[in-house]
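This one's a predicted model, so the numbers in the text were calculated from it and none came from an experiment. Heavy-atom basis, side chains included; hydrogens, waters and symmetry copies ignored.
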Amino acid sequence: MLISMPSPNDAQADLIAYLDFHVEAGADAVLDEQPHDRFGEADTPAPTLRAPRRPAAAPRPVASSNSLVPPPGSPPPAAPARTFGRAASAQPDEAASDARARAREAKSLDELEKILANFDACPLRFTAKNLVFADGNPEARVMFLGEAPGADEDRIGKPFMGRSGQLLDKMMAAVGLDRTSAYIGNIVPWRPPGNRNPTPQEVAVCRPFVERQIELVDPEVIVCLGAPATQTLTGTKDGILRTRGRLFPYKLPSREAKLLATLHPAFLLRQPVQKRLAWRDFRSLRALLDGKA
């Protein structure tokens with residue numbers, strides 16, 4: 001009986017497929033047998049290699065009225081390693097207040113993007129590869145808002161670049177829109193680790209920035225893709241299947257825009273049968289832009 005052994009090419013293909021599986025599952029880094037504080041390492045300079053020293057004799061205890069006073073000649077205590085910068089100690093209310101103050105300083109979209117790039121009170125900034133600020137035409141009449149970037153968006157630095165983005169492009173094209181006639185962003189501009197949903201605290205910290213972004217774009221219609229974006233901007237607690245197709249007023253500094261809730265492209269990829277509902281919503285969007293609704 002002959003037993004065929006796998007060739008080196010087959011073994012390599014199996015290994016690549018194994019790695020691809022973990023990337024799709026949200027794995028971002030390779031871990032070894034020892035734990036590492038990756039964020040602390042980024043802020044701590046690499047130690048200088050020195051020749052090994054002979055161990056010094058232990059110092060004799062010195063009598064003191066204060067037991068907390070170290071013996072003479074002992075090294076100073078090491079400072080704790082930093083991890084998330086201010087994000088490690090900032091309380092959610094404090095971080096959100098800081099975000100509101102900084103967002104108000106932005107006089108243009110470029111300034112707002114620079115402020116966000118240097119904002120360190122949201123931990124997501126330290127786990128994401130790139131800030132995913134926006135894509136499209138900032139002079140457009142319609143603005144699309146999703147929830148948070150995924151792996152493709154995090155890698156490229158623009159929103160809706162993966163399969164969901166390809167579907168969104170087709171949905172926009174069906175009503176005569178594209179990325180030159182629309183502006184696209186997210187409620188949260190950094191990818192949560194493993195593509196998890198952003199926490200309410202993370203959304204609250206990022207909300208002042210997206211609200212200022214909407215003010216600077218000044219669109220006629222805001223299209224919220226999915227429940228998180230709709231709930232964040234309208235305050236409703238209803239699910240997206242109850243709110244989709246509905247129009248909400250959204251107050252801007254000089255006027256009132258219309259906010260349309262619809263299904264997220266990622267949801268439609270999982271449940272294609274619901275595309276008929278999204279098509280109705282996009283027809284309503286076209287009617288709004290044409291002044292027929």
>> Run R179 and N137 through side chain to side chain contact (heavy atoms under 4.5 Å, CB included) and show every step you take.
In response: CA-CA 7 Å; R179 297 198 181 220; N137 183 2; over 6 Å; no

> For M172 and A182, which heavy atoms make the closest approach, and how far apart are they?
Replying inline: SD-CB, 4.0 Å

> Considering only heavy atoms from C-beta outward, does the side chain of V223 approach that of T262 to under 4.5 Å?
Replying inline: yes

> Under a single-linkage rule joining Ile, Leu, Val, Met, Phe, Trp and Tyr whose side-chain heavy atoms are separated by less than 4.5 Å, which residues share a cluster with V273?
Replying inline: none

> Is there a chain of hydrophobic side chains (I, L, V, M, F, W, Y, each step under 4.5 Å between heavy atoms) that links V132 to L109?
Replying inline: no

>> Measuring only between side-chain heavy atoms, which start at C-beta, is C206 closer than 4.5 Å to W190?
In response: yes

> Out of V205, T232, V203, I187, which residue meets the side chain to side chain contact (heavy atoms under 4.5 Å, CB included) rule with P198?
Replying inline: V203

>> Testing the basics here: between L124 and R191, what is the closest heavy-atom pair and its distance to 0.1 Å?
In response: CD2-O, 4.3 Å

>> Quick one, S108 with D110, criterion side chain to side chain donor-acceptor pair (under 3.5 Å). Give me CA distance, side-chain angles, the key distance, then yes/no.
In response: CA-CA 5 Å; S108 67; D110 288 339; 5.2 Å; no

> Tell me, do V188 and E147 make a side-chain contact under 4.5 Å, heavy atoms counted?
Replying inline: no

>> Nearest 0.5 Å, please: how far is CG in L285 from CZ in R141?
In response: 9.5 Å

> From L259 CG over to Y250 OH, what is the distance, rounded to the nearest 0.5 angstrom?
Replying inline: 8.0 Å

>> Could you measure the distance from the SG atom of C224 to the CG atom of L233? Nearest 0.5 Å is fine.
In response: 4.5 Å

> What pairs with S97 under side chain to side chain donor-acceptor pair (under 3.5 Å), at least two apart in sequence or on another chain?
Replying inline: none

> When the ring centroid of F160 is compared with that of H264, is the distance short of 6.0 Å?
Replying inline: yes

>> Keeping D281 on the side-chain end and S284 on the backbone end, is there a donor-acceptor pair under 3.5 Å?
In response: no

>> For R212 and E215: C-alpha separation, side-chain torsions, deciding distance, then whether salt bridge (charged side-chain N to carboxylate O under 4.0 Å, His left out) applies.
In response: CA-CA 5 Å; R212 183 59 178 153; E215 291 177 358; 2.9 Å; yes

>> Which heavy atom of L225 sits nearest to which heavy atom of L263, and what is that distance?
In response: CD2-O, 4.0 Å

> Roughly how far, to the nearest 0.5 Å, is the CG atom of D120 from the CZ atom of R125?
Replying inline: 5.5 Å

>> If you count heavy atoms of other groups shown closer than 6.0 angstrom to CD of E111, is the number above 12?
In response: yes

> Is any side-chain heavy atom of D238 less than 4.5 Å from a side-chain heavy atom of R246?
Replying inline: yes

>> Once you measure the plane-to-plane angle for F209 and F119, does it fall in the parallel (<30°), tilted (30-60°) or perpendicular (>60°) bin?
In response: perpendicular

>> With rounding to the nearest 0.5 angstrom, report the CG to CZ distance, L112 to F133.
In response: 4.0 Å

> In terms of hydrophobic clustering (I, L, V, M, F, W, Y; side-chain heavy atoms under 4.5 Å; direct or indirect links), are Y183 and L116 co-clustered?
Replying inline: yes

> Would you find a donor on one side and an acceptor on the other, under 3.5 Å apart, between the side chain of S181 and the backbone of L177?
Replying inline: no

> Got a donor-acceptor contact below 3.5 angstrom from the D135 side chain to the P159 backbone?
Replying inline: no

> Is there a side-chain contact between L131 and E113 (heavy atoms, below 4.5 Å)?
Replying inline: yes

> Can you check side chain to side chain contact (heavy atoms under 4.5 Å, CB included) on Q213 and M143, steps first, answer last?
Replying inline: CA-CA 10 Å; Q213 190 176 15; M143 180 175 183; 4.1 Å; yes

> Is the side chain of Q271 donor-acceptor paired with the backbone N or O of L268 at a distance under 3.5 Å, no angle test?
Replying inline: no

> Is there a side chain to side chain contact (heavy atoms under 4.5 Å, CB included) between R244 and L277 once you walk through the steps?
Replying inline: CA-CA 8 Å; R244 58 136 297 271; L277 300 178; 3.7 Å; yes

> Any side-chain heavy atom of L289 sitting closer than 4.5 Å to one from V175?
Replying inline: no

> Does R280 have any salt bridge (Lys or Arg N to Asp or Glu O under 4.0 Å) partners at least two apart in sequence or in another chain, and if so, which?
Replying inline: none

> With clusters built from Ile, Leu, Val, Met, Phe, Trp and Tyr whose side-chain heavy atoms come within less than 4.5 Å, directly or transitively, what are the remaining members of the cluster of M161, listed by chain and number?
Replying inline: I156

> Mind checking what makes side chain to side chain donor-acceptor pair (under 3.5 Å) contact with Q166, not counting sequence neighbours?
Replying inline: none

> Given side chains that start at C-beta, do those of I115 and E105 come closer than 4.5 Å, heavy atoms only?
Replying inline: yes

> Ignoring hydrogens and geometry, is there a side-chain-to-backbone donor-acceptor pair from D218 to I214 under 3.5 Å?
Replying inline: no

> Is a side-chain donor or acceptor of D290 paired with a backbone partner of K292 at a separation under 3.5 angstrom?
Replying inline: no

>> Rounded at 0.5 Å granularity, tell me how far NZ in K237 sits from OG1 in T230.
In response: 13.0 Å

>> Tell me the closest heavy-atom pair linking P219 and L252, and the distance in Å.
In response: O-CD1, 3.7 Å

>> So, using side chain to side chain donor-acceptor pair (under 3.5 Å) as the criterion, who are the partners of Q231 when residues are at least two apart?
In response: none

>> Applying salt bridge (charged side-chain N to carboxylate O under 4.0 Å, His left out) to E256 and K251, what does each step give before you reach the verdict?
In response: CA-CA 4 Å; E256 188 175 85; K251 189 168 180 58; over 6 Å; no

> How close do V217 and P138 get, heavy atom to heavy atom, and via which atoms?
Replying inline: CG1-O, 3.6 Å

> Looking at P192 and P149, what are the two nearest heavy atoms and their distance?
Replying inline: CD-O, 4.0 Å

>> Assess the residue pair E202 and R196 against the criterion (salt bridge (charged side-chain N to carboxylate O under 4.0 Å, His left out)); give the C-alpha distance rounded to whole Å, side-chain angles, the decisive distance to 0.1 Å, and a yes or no.
In response: CA-CA 12 Å; E202 291 163 350; R196 65 164 173 78; 2.8 Å; yes

